[in-house]
Amino acid sequence: MTRMLIIGPPGSGKGTQAERISERLGVAAVSTGDIFRANVKGETPLGIEAKKYMDAGDFVPDSVTNKMVRDRLSESDVENGFLLDGYPRTTAQVGYLDGILANSEEKLDVVLQLTADDEELVSRLLGRAKETGRSDDNEAVIRHRLDLYHEQTEAVVAKYAERGILTQVDGIGGIGEVTDRVMSTLGDLLKVSAVTGR
Ligand code: AMP
């Protein structure tokens with residue numbers, strides 16, 4: 001059983017990799033960005049609230065996001081593990097997730113950070129904007145999302161590094177190449193964690 005997070009700046013390919021990795025590990029992928037986008041599309045009250053923030057490249061407030069994650073993690077398909085993508089993004093969310101997991105006597109096995117340089121990310125995201133028409137993919141919003149990553153989410157990465165569960169993988173390269181890198185890193189790590197029980 002694996003409980004893990006994937007963290008990376010916008011454009012690092014974390015969504016794509018999360019789907020591929022979760023399939024290979026046989027666990028559910030839980031992406032807060034995807035849940036928000038589905039709600040925006042369905043014009044639900046949650047989606048209408050979240051859209052304002054998403055379009056500006058801001059974080060959706062914790063009062064909305066934390067509850068959504070708590071509800072999602074209480075569903076039965078994540079009992080045997082999960083791969084969280086896009087949450088937690090702030091140290092306050094780390095505390096909230098700790099609380100959810102502690103309630104069911106669970107903890108994270110591994111936090112995987114995909115790394116990539118900012119200029120590479122901006123050019124990837126501008127390319128994606130042309131393909132998908134995502135409303136949060138214009139240059140000003142992209143730069144704002146990257147700033148938030150540096151200002152807030154890197155502190156999340158640091159927290160998990162302190163706990164000794166962080167592993168970093170270079171996110172630059174072809175999709176398959178990055179997946180192979182991740183799987184070989186995870187293979188080594190998860191084998192170790194199976195033995196030590198950490
Ligand atoms: P993503 O697809 O992960 O880049 O998420 C898209 C957008 O959804 C973000 O720019 C935020 O507006 C919102 N979002 C996703 N996850 C979170 C989170 N953990 N906290 C706050 N907002 C989030």
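Reckoned from all heavy atoms, side chains included, excluding hydrogens, waters and symmetry mates. In each ligand, atom 1 is the first atom listed, and ligand 1 is the first ligand listed.
- A donor-acceptor pair under 3.5 Å is formed between the side chain of Thr153 and the backbone N or O of Arg89.
- Scored by the side-chain hydrogen bond (donor to acceptor under 3.5 Å, both in side chains) test, Asp34 finds Arg37 as partners (sequence neighbours excluded).
- If you check the side chains of Asn39 and Thr44, you find a donor sitting under 3.5 Å from an acceptor.
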Indicate every side-chain donor-acceptor pair of residues 10-18 with a distance under 3.5 Å to a residue at least two apart or in another chain.
residue : atom : partner : partner atom : Å
Ser12   : OG   : Pro9    : O            : 2.7
Lys14   : NZ   : Asp85   : OD1          : 3.2
Gln17   : OE1  : Thr179  : N            : 3.4
Gln17   : OE1  : Thr179  : OG1          : 2.6
Gln17   : NE2  : Ile175  : O            : 3.1

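- The closest side-chain donor-acceptor pair between Asp62 and Gln93 falls under 3.5 angstrom.
- The salt bridge (charged side-chain N to carboxylate O under 4.0 Å, His left out) analysis of residues 111-124, with sequence neighbours excluded, yields the pairs Glu119-Arg143, Glu120-Arg124.
- Listed by chain and number, Lys14, Thr32, Gly33, Phe36, Arg37, Met54, Asp58, Phe59, Val60, Thr65, Gly86, Tyr87, Arg89, Gln93, Arg134, Arg145 each place a non-hydrogen atom less than 4.0 angstrom from ligand 1.
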